[in-house]
Protein chains: 2
Amino acid sequence: MSPRQIDTQTRQDREQELLDAAMKLISDQGVEGLTMDKLVGSVPYSKGTVYGHFSGKEDLLLGLCNRGMALLISMFKRAELFEGATRERLLAWLFGYQLYARLYPMFFMLVITAKSPGVAEKASERQREKHIQLQAALSGGLLGLIQQALESGECGNPLNMTAEQIAFANWSASFGSISLLSKGADKCNIRAELMLEESLLMNVSLVLDGLNWSPLSSEFDYNPVLERIRREIFADEIEALRAEKN
Amino acid sequence: MSPRQIDTQTRQDREQELLDAAMKLISDQGVEGLTMDKLVGSVPYSKGTVYGHFSGKEDLLLGLCNRGMALLISMFKRAELFEGATRERLLAWLFGYQLYARLYPMFFMLVITAKSPGVAEKASERQREKHIQLQAALSGGLLGLIQQALESGECGNPLNMTAEQIAFANWSASFGSISLLSKGADKCNIRAELMLEESLLMNVSLVLDGLNWSPLSSEFDYNPVLERIRREIFADEIEALRAEKN
DNA sequence: ACCTGAACACCGTTCAAGT
DNA sequence: ACCTGAACACCGTTCAAGT
C-alpha cells in the first residue's frame, strides 16, 4: 500500500506485459522474429524502459525460458497426482513433457538456447538464479518418484544406477526423441505429431524395461493407462492442441 | 584440362577455403561469432564473391553442417570394420558419435540449427540436396547393422519394433545424452566429459537391454570392448582430443 | 527518479560500377 | 563473365536530454 509497494506492483505487471508481447512475436514470426526493436514497437514503452527490465536480448530470452519452465512445473504438479504404480506415474510425467513440447515448441527449444554459453553468460544474475531454482523444482519431483520406485523394488535397477542417473536416462531419452522429431512439425503435419507420441513412448519403454521397472511392457498393456492420463490429467492441454489446429 | 575444368576446380578450392575460414571463426569466437562481414574480412575475396558461393548465411551454415556430416560418415565407416558381435559393433558406432560431438561441438550443434525451419528453408537447393543425401548415408550403415542383429536373433526385439524404430531409439538416446550434457563443457571441464562418456554408455545400455540385445550388460563386461574400440579405431581422435586440452 | 528516442556500431544483403 | 565495395535496411545497445 505504500508508494513503493505500488511501484513494484506496476513494475511486475509491466514485465509480464513485455513477456506477453515477446511470446506473441515469437509465436507469430518464430524465435528469430523476436527483435528488441519489434518488441519496443509492439508495446507502449520506450527502448530505455524495456532495457530497464531486461539487460539485453539474452536476458529476455532467459526470462521467457523461465516462464516456460514455470508452466511445465505446473503440468508436472498435476501429473504427480495421478494414481497408479510408479511406472504409470512416470508415464504421466513423460506424457506431460511431450504435450508441453507440442503446445509450446518455442519454450521447449528455448531451454537449449538458454543453456548455450552465448546467452547464459550474458543474462542477468536475477534471471540466472531464477533459472537454476526452477530447474531444481523441475527435477525434484521426478527424483522423488524414482526414489520411491527404487525403495519399493518396483524398479529392479540391474545396473545399480543412482536415482540421478535414472532420472537423466529418462530425461535424455525423452529430450532426444522430442527434439529430433519435432523439427518442422510446426503445423499441419498431424502424422508427425502422432509419430512423436508413439516413438517417445516406445523409446522410454525400452529404457524402463532395461531398468527392469515393473510392470514390463511385455507383461502389461499401457494403452488404457495412457487413455486415463489423457482424460484425467491433460484434457485441457489436448483440447488446446486440437483448437490450435484450426 | 579445358578452361571450364580449371574454373570449376578453382571454384571448388575457393569454396573449401571459405568453409575453412568459417570454421576457424566459429572455433575462435563461437557460432554467433560467425558473421558474413568477418568471413569476408578473413579471406581475400569480396562480399559479392562470397555470396556467389553461398546464397546467404543460412546456406553457409548448412554447408558447414554438411562438411561435419561427411566427417562423421568417415568415422562411422571405420567403426563398421570393428570385429565383434552386433552389439559390440553398435557400441563402436555410438562411441564414435560421442567422440565426434566432443571433437567438433560446433558441428554437432549445427545439425540442430540446420534442421530448424529458419535455416533449412533459406538455404540453397544444392546444399539441401547434399544434406539429405548425407543423412541417408549416415543412417544407412546403422540400419544395416540393426537388420543383421534382427536376422541373427541377437536382438530379441520384444516390442516388435521395425529396424528404423530401433535405429531412432538408439540415435535419440545418444543425441539426448550428448546435447544435455555437453552444454558448457567447451573447455577444461574434464569431469563433465568423462561423465558424458559414462552416461551415454549407461543410457544406451538400458535401451539395448530393453531390446533384449545379447549379450546383456548384466551378463557381459563391455569395458574390454570399449578399450579395444579406443585403441583399434579411434586412437587418432582420442589423441587429437588430448592435444586440444593443452 | 524515471522515461525518451536519437545516435552508434555492427549485421545481412543487394547491385551499379568497374575490369 | 566475373569481381568489387559502397549503399541500404535492420539489428542490439547506450546515454544525453528531457519530465
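In what follows, chains are A, B, ... by sequence order, proteins preceding strands, each numbered from 1. Predicted model, so just to flag it, every value in this text is computed and none were measured.
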Taking the minimum atom-to-atom distance to the side chain of M36(B), which one of dC11(C), dC3(D), dG12(C) wins? dG12(C)

d(CG, L25(A); P, dC11(D)) in whole Å: 11 Å

Report the distance from atom CH2 of W93(B) to atom OG of S174(B), rounding to the nearest 0.5 Å. 7.0 Å

Contact under 4.0 Å: S46(A) side-chain N or O vs dC3(C) OP1/OP2: no

Atom-pair distance (CD on E32(B); P on dG12(C)), nearest Å: 12 Å

Contact list for DNA chain C against residues 119-131 of chain B - heavy-atom distance below 4.0 Å: none

Write out all pairs satisfying salt bridge (Lys or Arg N to Asp or Glu O under 4.0 Å) with one or both partners inside residues 93-112 of chain A, taking only residues at least two apart or from two chains. R102(A)-E193(A), R102(A)-E197(A)

Rounded to the nearest 0.5 angstrom, the CZ-OG1 distance for F168(B) and T162(B) is 11.5 Å

If you take any heavy atom closer than 4.0 Å to DNA chain C, which residues from residues 47-54 of chain B end up in contact? K47(B), Y51(B)

Results of salt bridge (charged side-chain N to carboxylate O under 4.0 Å, His left out) for R67(A) - residues two or more places apart only: D20(A)

Nearest 0.5 Å, please: how far is SG in C65(B) from NZ in K130(B)? 11.5 Å

Check for a donor-acceptor pair, side chain of N203(B) on one end and backbone N or O of A173(A) on the other, with a separation under 3.5 Å. no

Verdict with reasoning, I112(A) to F175(A), per side chain to side chain contact (heavy atoms under 4.5 Å, CB included): CA-CA 10 Å; I112(A) 332 178; F175(A) 179 83; 3.8 Å; yes

Please report, rounded to the nearest Å, how far the P atom of dC2(D) is from the CZ atom of R11(B). 9 Å

May I ask you to list the residues of residues 55-65 of chain A, by number, that have any heavy atom positioned under 4.0 Å from an atom of DNA chain D? G56(A), K57(A), E58(A)

What integer distance in Å separates D37(A):CG from dC10(C):C1'? 13 Å

Rounded to the nearest Å, what distance is computed from the NZ atom of residue K38(B) to the P atom of nucleotide dA9(C)? 17 Å

Using a 3.5 Å limit for the pairing distances, which stems of at least 3 consecutive Watson-Crick or G-U wobble pairs does DNA chain D take part in? C:4-8 with D:12-16, C:12-16 with D:4-8

Could you give the CG-to-P distance, from L18(B) to dC3(D), as a whole number of Å? 11 Å

Between atom CD of Q29(B) and atom NZ of K38(B), what is the distance when rounded to the nearest 0.5 Å? 4.0 Å

Return the orientation label for the Y100(B) and Y104(B) ring planes: parallel under 30°, perpendicular over 60°, tilted otherwise. tilted

Supply the atom-to-atom distance Q165(B) CD to I146(B) CD1, rounded to the nearest 0.5 angstrom. 11.0 Å

Considering only heavy atoms from C-beta outward, does the side chain of L90(B) approach that of L142(B) to under 4.5 Å? yes

Taking atom NZ as the centre, does K57(B) end up with more than 12 heavy-atom neighbours from other residues, nucleotides or ligands that are less than 6.0 angstrom away? yes

Let me know which of Q12(B), R14(B), E17(B) forms a side chain to side chain donor-acceptor pair (under 3.5 Å) with H53(B). R14(B)

Inter-residue atom distance F76(B).CZ - L138(B).CG, 0.5 Å rounding: 5.5 Å

dC3(D) phosphate, OP1 or OP2, under 4.0 Å from R14(B) side-chain N/O: yes

